[in-house]
Structures are given as C-alpha cells and as structure tokens.
Amino acid sequence: MGFAQLVKKFPEEGNLSFSRPYFNHSVEFKKIFTPEERAEMLERVGLNVFFFPSEMITGCDLLSDSGTTTMTNEQWAYLHMGDEAYGSNRGYFLLMDQIREVFGEEFFNDPESNRPNAFIFHQGRPCEDALFTLMGKLGSGMIIPNNGHFDTTRANIEANGIRALNLFSSELKDPDSVSHFKGNMDLMKFKELLEKSRGKIPLAYLTITNNTGGGQPVSMENIREVSELAHKNGVPLFLDGCRFAENAWLIKKYEKGYANRKIKDIVKEMFSHADGFTISFKKDGLVNMGGDLFLKDNGLFVKKYPQMPDALTDYQIIKEGNPTYGGLSGRDIMTISVGLGTTIREEYLTHRINQVRDFGESMHRKGLPVMTPIGGHAVYLDVDRFFEGTKIRKEDFGGISLTAILLAAYGHRACELGCFAFGSYDRENGKETFPEINFVRFAVPRLRYEKQDLDSVIEAMKVLYENREQIPPVRVTYGKDLALRHFKARFEFK
Ligand code: F0G
C-alpha cells in the first residue's frame, strides 16, 4: 500500500475541528487595564464607547468590522510597492484587472475607451454622496427603496431630498422564522411601490448582506427577481456590495443549486443582475480604507442617465482627486487589489463565516436573545428581549448601559444600534420616537481574533445576562436632540 492510500484510512479532516487557514504573521501586545481604570475612563467620556481609547481595550473590540481587518503579509508587501504618481499609478491597473476578474469585465472600462465607469473614493459613504447628490438634481418627489438602507446611505439619500424606503422581508422581524435569507427585499412591497410610484423611482438598491437587517444575506433568487421587476419598470438596480463575498458564501451554503458552484462564479452571477454598485472596501475588500462606485458598461443606469459618468468624474475630481487615484494613496489601492483576491478564497470565507456563526450560536445556546440565523459579519443581540422582565424600558436605553458595563467590567467593546442610535427626540413635544429594531451589535473584525477571544465575550455576556437586574438605566446628559446622536451624546447612570 502506498503512503497516499495509507493516510486515507485515517478519519478525514472534515470530521475534526479545523485549525485556522492562516497563522499569525505579526502580533501586537495589548496593554493591561483594570475594570476600575476602564470605568473611570468611561465616566470621563460620558459612557459613550466611541470615545473610549482603543488602547485601553483589554478584550475584543467589536465596535465595527469596517476598516478593522488585519491585512495579510502579501498586502503589506504590495503596500510597499505603492506607486504615488499623480496620474495612472501602478495600483490603478492592478485594481482594474482585479475588479474585472471578481465582479465582471463590464464594471471597469479601459481608460482608452473614454467611457469612465469606475470611481475611486476614500470609503463607502463618499460614493453614496456623489451618486445621490447627482441623482437629487434629477427632480423632486423621488423614492429609493432598499432591502435595508445602511445609515449613511439613508442619510445621503435624504440629504438630497429623496425618500429612503426600507422594504425589509417579513421574516426579518419574525424570531421564529428559520429562513436563511432574512435579508431579502419584500417583493410584494416592491411591486406595489413600482405600481404606485411609477416614474418616481430613479433606482432601486439591494444591500448585500443586509447590515441594518441583522447582517442577513440576500438570496440569488431575490437579487434576480428584484432586478427583473426593476428592469421591467425601467428602474436600474444598484447593489451595496460591502459584504458581497460573505453573501456569496451564504448563497453557496443555503440556496438550492449553488452548493457546487465556485464563490467566484456566484459573485459574478450576483453582480450580473446589477446596473451598478457602491462598495466600501473596508469590509470584504479586507483593507483599512477605500471605496468605489461602479457603473455597468451599457447597463440600464448609464443608458437612462447618459450624463452621469461625466458628472460623476467632475464630482470626483472636485471632491477627491484625479480619477485614477480618487480619494486614496497609490499604496492603499495596491492593498485593495490583493484583498479582493483573498476575500473570495473558499477557505478564508468558510473560516470567517463559521467563526461568526459559532460565536453567535454559542451565545444563543447560552440563552442570550440573539437574532438567528447568525448573519455574515456580526451577532445582533435583541435588547428588548435581553431586558424583558426587568425595570429597563426603551427610554432607559438599556443598550447603552449594557455596552458601557461590558466594556468597563470585561474590556469588550460592542455597539448600540437601536433605540438610541436610530431613535430621535422631538424638541417640540419632548418625546422620543423609537425604531422597529433595538440591537447591540457585536461585529467581528476580519482575520483579527481567535476563538478564545470570542469565547471570553460569550462568557462575559452570559454573566451580564444572569445579572441583568443589576444593570442600571442611563440618563442622556448631552445630545439627545442631535442628528447622528450616538456618535456625540454623553450619558450617566441613573
Ligand atoms: N454600506 C453598508 C452596508 C455599510 O455597512 C457601511 C459601513 C457603508 C455602506 C459605508 O461605508 O463606512 O466605508 O463609509 N458600515 C460600517 C459599520 C461603518 O460599522 O457597519 P464606509
């Protein structure tokens, strides 16, 4: 018997637990702080975790998965080869090749073609700003529907006099639903909107995965059906592609007919339905900074708005820079071109999504009220259910108390995305309006933490849950009436 046959007699790797598909290339030691020191600092910053110095975080920093990626050694090597030429730097061409390879040829035209369709910006939101500032000039009374607008997308749309409408799927709000694609757009509602508001919808959006909707994925069927419906009504479809690779992996895993398809092919199919997309590379681009707006060559968007490519180029030059570097340094563009190749590797994505899933499912098994199934990049804890049976009501902002105590007592930072972040205070009548959802989000940075790190968050959350009666409500001492108040407000315990 040959050695290759001999090894086959031993159980396959698949039945055992996996080690990570990468190893640490360089590490940074944390500084050690006591709970008392952290509590003192939190009091100084008015219990607002955004103001808490990251150097004092002894546990896991799960505030965001955006821009917090640990880059690979290949990315650091390419960073050193960055070309900072003012026009047509080396990275620009590498990025062009990689975008074509990952999303499709038609999303990045050659500079010789004279049909600009790829617009580099410094992150996701300036792409939204550019797109919606120009769309806003097209008329009044417009509506842009989405399966779940991210906050900056909504803010940029509304700042330009357009209504941003969420068409969440009904499964999203149903804790008993076992649907794997709770991030879908509600097709019936979309159909009704198209009929009711004919001529008022300049484009439709799908956010993959649906960050505002629990990080839940969107099925290929939904992308295709939304696209068909939109196109039938002369409406172009855009994707918010921040977490496109995670969405593709979840399609492969859970959607019928995709199990044997390559991630690369699934991604191409997803984007084949779109007429354009915005993307923050700070998520699935596996980098710390960068964004882009892409228009499909000959897609419905450029056909319908032929003036847009040139208008976008002007806007980009005025606000960011020459189109070949936009809002980025050449070295950053190099890291994106490498990151996009890594992010669609099957073994990377399998590890990534399983890590987030295991993290969330362990919390769920311990009785913590988290949204299930667990989404691609984060675990969402339902604050209302967490405090059920205690004295904490919505207006006590339990999510703020919880994030402050978790950070002080155990050194882990999470983010309130609920009654405070998405609620608002009316100065006239002194009343709060609350959103439909009330979450604390634990977003997992890419390639940064090990199982042991996340296990310690689960243990801490279990102790907090068992002692939830001890968690006091907060009073807002500054900023309850401000826009984007969660970034600015200060609190104290009542
Ligand atoms: N779209 C989605 C779906 C996002 O999640 C984000 C950012 C953006 C657009 C904007 O991108 O930050 O590069 O300007 N989400 C981060 C988060 C901030 O923590 O979820 P950006």
Side-chain angles (χ1 to χ4, degrees), residues 49-50 54 60-69 119-133 144-159 164 166 168 172 183-185 205-218 223 238-247 250 270 274 276-294 319-320 326-328 332-333 335-336 339-340 343 356 371 375-380 403 413-418 421-422 437 439-446 448 484 486-487:
V49 299
F50 284 97
S54 73
C60 293
D61 191 356
L62 308 182
L63 190 61
S64 180
D65 66 318
S66 178
T68 52
T69 302
F119 307 91
I120 302 170
F121 285 88
H122 68 270
Q123 57 181 86
R125 63 200 75 182
C127 305
E128 298 163 353
D129 168 49
L131 181 63
F132 301 125
T133 299
I144 296 187
N146 199 324
N147 54 331
H149 286 284
F150 181 66
D151 356 350
T152 60
T153 323
R154 167 179 293 281
N156 276 304
I157 289 174
E158 291 182 342
N166 282 340
F168 290 127
L172 187 65
N184 283 354
M185 179 183 275
Y205 240 86
L206 274 178
T207 305
I208 53 169
T209 55
N210 191 339
N211 188 13
T212 304
Q216 301 288 312
V218 180
I223 299 175
F238 264 64
L239 299 182
D240 174 335
C242 291
R243 299 178 179 86
F244 73 97
E246 291 168 3
N247 200 91
L250 289 160
M270 280 160 45
F277 65 101
T278 49
I279 184 166
S280 162
F281 292 124
K282 297 170 73 171
K283 287 83 171 168
D284 276 352
L286 295 183
V287 295
N288 307 123
M289 197 48 77
D292 217 312
L293 164 61
F294 298 98
K319 295 277 183 175
E320 299 268 298
L328 293 174
D332 282 330
I333 300 176
T335 63
I336 298 166
L340 285 173
T343 207
V356 177
M371 179 187 259
H377 70 292
V379 176
Y380 292 71
T403 52
R413 179 157 65 173
C415 184
E416 196 266 0
L417 289 177
F422 301 136
I437 44 175
F439 291 126
V440 162
R441 184 186 74 171
F442 302 81
V444 184
R446 295 167 182 79
R448 187 176 173 101
L484 300 170
H486 55 308
F487 295 120

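In listed order, ligands and their atoms are each counted from 1.
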Gap between atom CZ of Arg125 and atom CG of Asn156 - 0.5 Å precision: 9.0 Å
Closest non-hydrogen protein atom to atom 8 (C) of ligand 1, residue and atom name please, with distance? Phe150 CD2, 3.4 Å
Closer than 4.0 Å to some heavy atom of Ser64 - which atoms of ligand 1 meet that? 17 (C), 19 (O)
Considering heavy atoms of the protein only, find what lies nearest to atom 9 (C) of ligand 1 and give residue, atom and distance to 0.1 Å. Glu128 OE2, 3.3 Å
Run the numbers for me: atoms of ligand 1, each under 4.0 Å from some heavy atom of Gln123, listed by number. 12 (O), 13 (O), 14 (O), 21 (P)
Which residue holds the protein heavy atom closest to atom 11 (O) of ligand 1, what is that atom called, and what is the gap in Å? Lys283 NZ, 3.1 Å
Ligand 1 atoms nearer than 4.0 angstrom to some heavy atom of Thr207 are 3 (C)
Min heavy-atom dist Cys242 to ligand 1 below 4.0 Å: yes
N or O pair under 3.5 Å between Lys282 and ligand 1: no
Kindly confirm or rule out an N or O of Asp65 lying under 3.5 angstrom from an N or O of ligand 1. no
Does Thr343 use its side chain to pair, donor to acceptor, with the backbone of Leu340 at less than 3.5 Å? no
Between the side chains of Glu128 and Thr153, is a donor N or O closer than 3.5 angstrom to an acceptor N or O? yes
Checking side-chain polar atoms at under 3.5 Å, does Asn211 have a donor or acceptor matched by the opposite partner on His377? yes
Check the side chains of His122 and Glu320 for a donor-acceptor pair under 3.5 angstrom, ignoring hydrogens and angles. yes
Heavy-atom nearest pair, Thr207 first then Asn147, reads N-OD1, 2.6 Å
With side-chain hydrogen bond (donor to acceptor under 3.5 Å, both in side chains) as the test, pick out the partner of Arg243 among Asn210, Asp65, Thr209. Asp65
Is the closest side-chain heavy-atom distance between Met371 and Ile437 below 4.5 Å? no
Could you find the nearest protein heavy atom to atom 1 (N) of ligand 1 and give me its residue, atom name and distance? Asp240 OD2, 2.7 Å
Any N or O of Thr209 that comes nearer than 3.5 Å to an N or O of ligand 1? no
Using distance alone, decide if ligand 1 has a nitrogen or oxygen within less than 3.5 Å of any nitrogen or oxygen in Thr152. no
Does the Ser280 side chain pair with the main chain of Gln123, one donor and one acceptor, at a distance under 3.5 Å? no
Examine Arg125 against ligand 1 and note whether any of their N/O atoms are separated by less than 3.5 Å. yes
Ligand 1 atoms nearer than 4.0 angstrom to some heavy atom of Gly124 are 11 (O), 13 (O), 14 (O), 21 (P)
Side chain or backbone of Arg441 under 4.0 Å from ligand 1, or both, or neither, by non-hydrogen atoms? side chain
Could you tell me whether the side chain of Arg413 and the main chain of Cys60 form a donor-acceptor pair under 3.5 Å? no
